2 protein chains.
Amino acid sequence: MLDSYRDDIRDLDLFAGMKQDSFEALMRGAYVQNFPPRIELISEGDTPDFLHVVISGSVDLFSSWNGRETSMATVRPVSTFILAATIKNAPYLMSARTLEKSRVALLPSEDVRAIFASDGAFARAIVTELAQCYRAVVKNTKDLKLRTSLERLANYLLRQQRHNGSPEFDLRMEKRRLASFLGMTPENLSRAFKGLEPHGIKVAGSRIIVHDIVALERFAKPSALIDRYDS
Amino acid sequence: MLDSYRDDIRDLDLFAGMKQDSFEALMRGAYVQNFPPRIELISEGDTPDFLHVVISGSVDLFSSWNGRETSMATVRPVSTFILAATIKNAPYLMSARTLEKSRVALLPSEDVRAIFASDGAFARAIVTELAQCYRAVVKNTKDLKLRTSLERLANYLLRQQRHNGSPEFDLRMEKRRLASFLGMTPENLSRAFKGLEPHGIKVAGSRIIVHDIVALERFAKPSALIDRYDS
DNA sequence: TTGATGGCTTGACAATTATCAAGCGAAACA
DNA sequence: TGTTTCGCTTGATAATTGTCAAGCCATCAA
């Protein structure tokens with residue numbers, strides 16, 4: 001594996017504090033692979049062979065049931081995904097596919113579990129990571145259960161706006177996938193954008209302009225306990 | 001603290017493997033308290049002072065936003081709640097209230113974090129617990145996003161039926177709270193029960209009779225990756 | 001017993017969201 | 001350059017879900 005990839009991985013909170021021996025043991029069986037867009041990396045129900053680390057590109061986590069499909073999350077570099085399944089050695093609950101050309105490091109699950117068992121610092125880092133993931137999913141559940149789709153979109157745009165720091169930004173994903181992520185149909189999303197125009201939003205293709213943040217916040221009523229990535 | 005409570009706690013997976021020293025240190029600052037029904041134990045947004053362990057009774061975890069409220073989970077003995085917030089020392093994302101007269105052990109958060117940092121076995125047990133919780137919430141999200149309310153109710157009843165082992169059982173919670181947990185209104189739940197009558201369900205008050213499991217399963221299409229508590 | 005309470009149910013209606021079909025328009029391709 | 005493709009949008013309609021109001025019924029207390 002290229003040193004630069006190795007350094008990217010080492011810099012992740014998950015791997016930064018572990019013993020050098022452990023890290024090297026983990027890297028020994030690891031390898032990096034390049035994938036074209038729209039390749040399914042893992043399928044829900046499968047048993048985890050590898051812990052995945054997205055080095056570049058991006059990955060969609062999604063789930064299916066009864067012919068329906070929903071986007072659960074987007075994984076962007078540099079971060080891992082499907083840690084919980086790897087640790088528990090339990091079937092994946094979500095599938096993953098590349099959204100674009102992506103580079104992914106694959107760390108054998110057995111190695112991850114072995115080192116988890118022997119390296120206390122690694123175990124503690126996993127705790128922090130899982131606690132973070134858990135809280136993110138809880139926030140998402142609150143978003144889904146307590147808000148209408150219009151409110152979810154409004155708050156999503158506020159989070160993006162805050163993240164970008166600018167009142168004008170591009171959606172970083174297809175609208176159809178955003179719709180799925182927010183738990184609505186593409187048609188409904190299209191109408192929701194229209195519905196936010198009286199609340200300070202202008203849309204031109206994938207370009208979003210928040211021309212009245214105060215109005216948008218008045219409508220969206222963002223909450224730290226749902227919308228903040230930290231905390 | 002009574003030895004029997006101490007033993008109950010020690011028997012939890014979370015505490016079973018830790019060093020005896022660590023456990024005793026944890027118990028030193030811990031105490032048990034009795035609460036009447038409908039007492040709010042913690043409020044979302046607060047900073048975690050204690051890790052809670054329900055010894056007897058039951059506790060509702062719920063969240064609010066903009067005057068709306070939703071039930072997120074029920075905690076039954078013997079198990080802990082709000083572990084992630086305690087470990088991260090981050091604000092509670094959910095509130096908790098007793099559903100009935102309950103006995104709860106309170107373990108000071110600082111002690112939990114200190115021992116988490118020093119006892120590797122405890123850290124590993126926390127990983128397992130958090131991974132479990134994370135996966136439970138992911139399943140819940142899939143349930144919410146991929147199913148209609150009628151399908152959610154049908155699958156909920158199948159899970160209960162499986163759990164009880166009998167085709168006939170009592171709902172263990174108020175219908176209004178079940179409705180909230182399933183992400184619907186009480187009125188809608190009432191109609192959903194009616195809607196399941198053609199699919200093998202009979203309802204008499206809080207008594208549920210699954211008189212045609214095959215029909216119910218044909219409608220509900222349960223999935224291990226959403227509906228199984230294990231895996 | 002009587003009355004009050006509160007959860008549950010029902011009906012009527014409204015809001016939200018999904019579905020289906022058609023058309024638009026930008027990007028990709030021959 | 002023209003054609004195709006595909007995501008997005010729009011309109012019409014249907015299904016789902018929520019809201020409001022009223023009534024039922026079991027429980028509990030006076």
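Proteins get letters first, then strands, A, B, ... in listed order; numbering begins at 1 in each. Being a predicted model, the structure only gives us computed values, none of them experimental.
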Q | For D60(B), the option from R172(B), R176(B), R38(B), R97(B) that meets salt bridge (charged side-chain N to carboxylate O under 4.0 Å, His left out) | A | R97(B)

Between atom [atom1] in [X] and atom [atom2] in [N], what is the gap in whole Å?
| X | N | atom1 | atom2 | answer |
| --- | --- | --- | --- | --- |
| L182(A) | dT17(C) | CG | P | 11 Å |
| F193(B) | dT9(C) | CZ | P | 8 Å |
| K194(A) | dC8(D) | NZ | C1' | 11 Å |
| E151(A) | dT17(C) | CD | C1' | 14 Å |
| L146(B) | dT17(C) | CG | C1' | 16 Å |
| M173(A) | dC8(D) | CE | C1' | 16 Å |
| L189(B) | dT10(C) | CG | C1' | 14 Å |

Q | Backbone of T70(B) reached by a side-chain donor or acceptor of S63(B) within 3.5 Å | A | no

(Q) Would you say that K88(A) contacts Y134(B) through its side chain, given a criterion of any heavy-atom pair below 4.5 Å between the two side chains? (A) no

Q.
Any heavy-atom pair between the side chains of S64(B) and E44(B) that's under 4.5 Å?
A. yes

Q. If the sugar-phosphate is the primed atoms plus P, OP1 and OP2 and the base is the rest, what is the B/S/- string for nucleotides 15-28 of chain D, using protein heavy atoms under 4.0 Å?
A. --SSBB--------

**Q.** Ring centre gap for F81(B) and Y92(B) strictly below 6.0 Å
**A.** no

**Q.** Proximity to the side chain of S190(A) - top-ranked nucleotide from dT9(D), dG7(D), dC8(C)
**A.** dT9(D)

Q.
If I compare all heavy atoms of L146(A) with all of R68(B), which pair ends up nearest, and what's the gap?
A. O-NH1, 2.8 Å

(Q) Quick check for you: to the nearest 0.5 Å, what is the distance between I55(B) atom CD1 and M1(B) atom CE? (A) 6.5 Å

Q) By a strict heavy-atom criterion of less than 4.0 Å, which residues belonging to residues 198-207 of chain B are in contact with DNA chain C? A) none

Q: Quick one: do R147(A) and D227(A) satisfy salt bridge (charged side-chain N to carboxylate O under 4.0 Å, His left out)? Show the steps, please.
A: CA-CA 12 Å; R147(A) 290 172 171 162; D227(A) 302 296; 2.8 Å; yes

Q: Evaluate the side chain to side chain donor-acceptor pair (under 3.5 Å) criterion for residues R177(B) and T74(B): first the C-alpha distance (whole Å), next the side-chain angles of each, then the deciding distance (0.1 Å), finally the verdict.
A: CA-CA 10 Å; R177(B) 208 164 71 77; T74(B) 306; 2.9 Å; yes

